Amino acid sequence: MDNLVNPRRVRVHKGEPQRSAPVVYWMHREFRGKDNWGLVRARQEALRLGAPIAVVFCLAPSFLGATLRQYDFLLRGLEETAESLRAANIPLIMRSGDPAEEILGLCSELHPALVVTDFDPLRIKRKWLHTLIEHSACPVHEVDSRNIVPAWIASSHREFMARTFRPKIHRHLQEFLVPYPVLDPHPHAWSSPVFSETFFSLRAGLKVDNRVQPVTDREPGETAAQAALDTFLDMRLPDYPFRNDPNKQACSNLSPYLHFGMISAQAIVLAIRRHGLDGEAVDGFIEELVVRRELSDNFCQYTQEYDKVAGFPEWARRSLERHRRDPRPYVYSDEQFDRAETHDMLWNAAQRQLVRSGTLHSYMRMYWAKKILEWTEKPEHALEIAIRLNDRYALDGRETNGYTGIAWSIGGVHDRGWSERPVFGTIRYMNAAGCRRKFDVNRYIRTWMTEQSSLLPASVQP
DNA sequence: ATCGGCTCGCGCAA
DNA sequence: TGCGCGAAGCCGAT
């Protein structure tokens with residue numbers, strides 16, 4: 001373990017560890033053993049203290065509308081991570097309940113020298129961290145293992161758009177885009193007996209909506225994530241410039257793995273460099289993987305109401321306000337959207353793709369969200385419905401990317417004004433004619449509307 | 001096929 | 001203070 005974690009990647013709360021005692025790494029955003037700065041930091045501190053280390057995971061019995069689909073993906077992936085941690089002489093302690101309370105309880109059992117944990121700008125995660133810092137007896141170190149450039153280094157404020165953020169990322173890449181150390185077995189074995197749930201008991205205790213079933217065509221976990229990356233780099237990366245055609249297989253399909261932290265974006269960039277890849281396709285991919293992904297953490301970090309109309313920029317709120325009473329061409333209920341029952345087969349196909357596959361093509365996601373704005377009575381409803389559907393069906397729901405992407409579509413976040421028109425005001429407009437200009441709309445509709453309804457979750461069956 | 005206008009405000013040059 | 005320019009577009013003119 002020669003390369004240490006850059007201290008600027010760590011926010012130190014309540015100082016440095018003072019005594020030799022176990023180190024706990026509380027994993028709640030980065031579910032991986034490999035390429036994980038939080039774990040590297042925990043191990044580095046444990047080595048310095050001559051102490052053992054344990055990883056702790058706490059399953060919240062319900063979380064921001066997550067369903068069986070997302071819990072299943074997380075837990076199956078975590079089983080594999082538990083194996084690789086065991087091989088590194090690090091136990092995975094699992095609990096169930098309110099995460100902040102459970103971690104505090106564990107701290108009073110174990111009296112750790114230090115708790116290391118993941119950075120996450122979502123409000124609920126900030127609250128967890130705040131509770132831990134407030135009440136724990138030991139220091140807490142918060143590590144940004146999500147972004148290549150730690151969010152607090154990249155920018156101290158909410159960025160106006162990608163243009164203002166991009167140079168700040170590139171300025172710091174040299175410093176932070178460094179290789180990860182290999183996770184060697186930890187020399188100090190964990191000895192104190194401590195209660196842990198099993199994967200079986202965690203599954204048995206789940207109190208979530210099981211009408212949204214796990215996806216069957218995608219395996220979770222670190223190995224599957226790596227395989228998905230290899231396939232993308234070998235087969236599809238050259239087609240990345242055509243990614244806006246949802247009929248083409250040109251996207252990375254890495255979003256679910258990135259969301260659960262089963263793969264590190266930094267490791268992806270390092271792999272691209274190792275393969276000696278460059279050119280237009282690579283530049284485009286890195287722009288999305290790094291600049292725009294990290295911009296979404298910036299938006300949520302510096303916008304308390306990242307999932308509310310109040311989080312939209314001033315000009316967009318003013319414009320939506322002026323068009324509040326515009327007649328809508330169609331108005332659908334939450335349930336009609338959910339069941340893909342609009343007049344528009346293209347929209348329905350997108351909703352079906354989301355429901356069936358757990359992902360929505362990035363281009364269609366914009367169209368999908370903008371039409372929800374157009375076909376609801378008010379922007380507040382549109383935002384609520386889009387977020388609810390995304391969080392319910394998407395494997396990468398409840399992620400900063402999702403909130404930011406929807407806020408871009410409905411609220412002009414990181415965008416500029418465009419021609420004024422009904423309902424949208426000066427928010428950028430999209431329609432099916434544009435899609436027809438760009439790709440074979442009927443083929444996309446055929447792909448997703450001819451699926452057998454038996455493959456759909458119970459909640460969308462007639 | 002390609003171009004310009006639509007519309008907004010940041011960040012930089014002056 | 002003025003000016004260039006931008007996360008994914010649309011539309012009408014040429």
Side-chain angles (χ1 to χ4, degrees), chain A residues 147 154-171 239-248 250-252 255 258 265 280-300 302-303 306 311-323 329 344 346-347 350 353 359-374 386 390 396 399-439 441 444:
Chain A
N147 300 293
S155 177
S156 59
H157 57 267
R158 169 174 165 173
E159 289 295 330
F160 180 67
M161 60 196 327
R163 173 166 59 92
T164 62
F165 187 61
R166 190 175 296 112
K168 300 185 181 183
I169 289 296
H170 286 290
R171 190 181 308 152
D239 288 335
Y240 199 69
F242 309 106
R243 63 189 170 281
N244 280 351
D245 181 343
N247 294 315
K248 285 205 165 67
C251 293
S252 74
S255 183
L258 286 164
E280 183 199 349
V282 169
D283 293 348
F285 179 61
I286 294 202
E287 167 74 10
E288 304 222 353
L289 177 74
V290 182
V291 175
R292 299 195 200 167
R293 217 183 95 270
E294 304 201 357
L295 179 60
S296 67
D297 259 31
N298 170 275
F299 174 65
C300 292
Y302 296 115
T303 311
Y306 50 78
F312 295 172
E314 182 66 32
W315 65 266
R317 269 185 293 141
R318 248 186 292 120
S319 191
L320 287 172
E321 201 54 50
R322 274 201 296 271
H323 291 270
D344 176 14
L346 181 58
W347 192 93
Q353 177 179 31
T359 59
L360 180 50
H361 186 275
S362 50
Y363 188 82
M364 290 310 299
R365 192 185 291 252
M366 300 188 284
Y367 177 81
W368 173 88
K370 283 181 181 290
K371 290 300 158 188
I372 298 177
L373 171 63
E374 194 175 5
N390 189 55
D396 61 355
E399 182 55 69
T400 55
N401 290 20
Y403 297 121
T404 309
I406 290 171
W408 178 88
S409 302
I410 294 178
V413 168
H414 300 150
D415 204 5
R416 55 191 252 232
W418 297 86
S419 306
E420 187 150 18
R421 56 164 57 242
V423 185
F424 286 79
T426 55
I427 305 276
R428 183 195 300 253
Y429 177 68
M430 285 176 77
N431 63 6
C435 294
R436 264 181 242 115
R437 278 195 295 272
K438 292 180 182 66
F439 63 92
V441 163
Y444 179 77

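On a predicted model such as this, the values are computed, not experimentally measured, just so you know. Naming: A, B, ... by sequence-line order, numbering from 1 per chain. The basis for the numbers below is simple: all heavy atoms, side chains too, and nothing from hydrogens, waters or symmetry mates.
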Length of the line joining Arg318(A):CZ and dC8(B):P, which is rounded to integer Å | 8 Å
If only side-chain N and O atoms of Asn244(A) are considered, is one of them under 4.0 Å from the OP1 or OP2 phosphate oxygen of dA7(C)?
-> no
Phosphate contact (dC10(B) OP1 or OP2) by Lys168(A) side-chain N/O below 4.0 Å = no
Centroid-centroid distance, His414(A) to Phe299(A), less than 6.0 Å | yes
Counting side-chain heavy atoms from C-beta on, which of dC8(B), dC10(C), dG11(B) comes nearest to Tyr429(A)?
-> dC10(C)
Measure from CZ on Phe160(A) to C1' on dC10(B) and round the result to the nearest Å.
-> 6 Å
What's the closest nucleotide to the Met366(A) side chain, out of dC10(C), dC8(B), dA8(C)?
-> dA8(C)
Show the numbers, then the answer: is there a salt bridge (charged side-chain N to carboxylate O under 4.0 Å, His left out) between Glu288(A) and Arg293(A)?
-> CA-CA 6 Å; Glu288(A) 304 222 353; Arg293(A) 217 183 95 270; over 6 Å; no
side-chain N/O Arg166(A) vs dA7(C) OP1/OP2, d < 4.0 Å | yes
In whole angstroms, how far is the P atom of dT7(B) from the CZ atom of Arg428(A)?
-> 14 Å
Closest to the Met161(A) side chain: dG6(C), dC8(B), dC10(C)?
-> dG6(C)
Kindly say if Lys370(A) contacts the phosphate of dG9(C), meaning a side-chain N or O under 4.0 Å from OP1 or OP2.
-> no
Whole angstrom value for the distance that separates P of dT7(B) from CZ of Arg416(A) = 11 Å
Flag the pair Arg317(A) and Glu314(A) as a salt bridge only when some basic side-chain nitrogen lies within less than 4.0 angstrom of an acidic carboxylate oxygen.
-> yes
Any cation-pi pair here, Lys370(A) with Trp347(A), using under 6.0 Å and within 45°?
-> no
May I ask you to evaluate whether Arg437(A) reaches the phosphate of dC10(C), defined as a side-chain N or O under 4.0 Å from OP1 or OP2?
-> yes
When the C1' atoms of dA8(C) and dG11(B) are considered, how many whole Å apart are they?
-> 23 Å
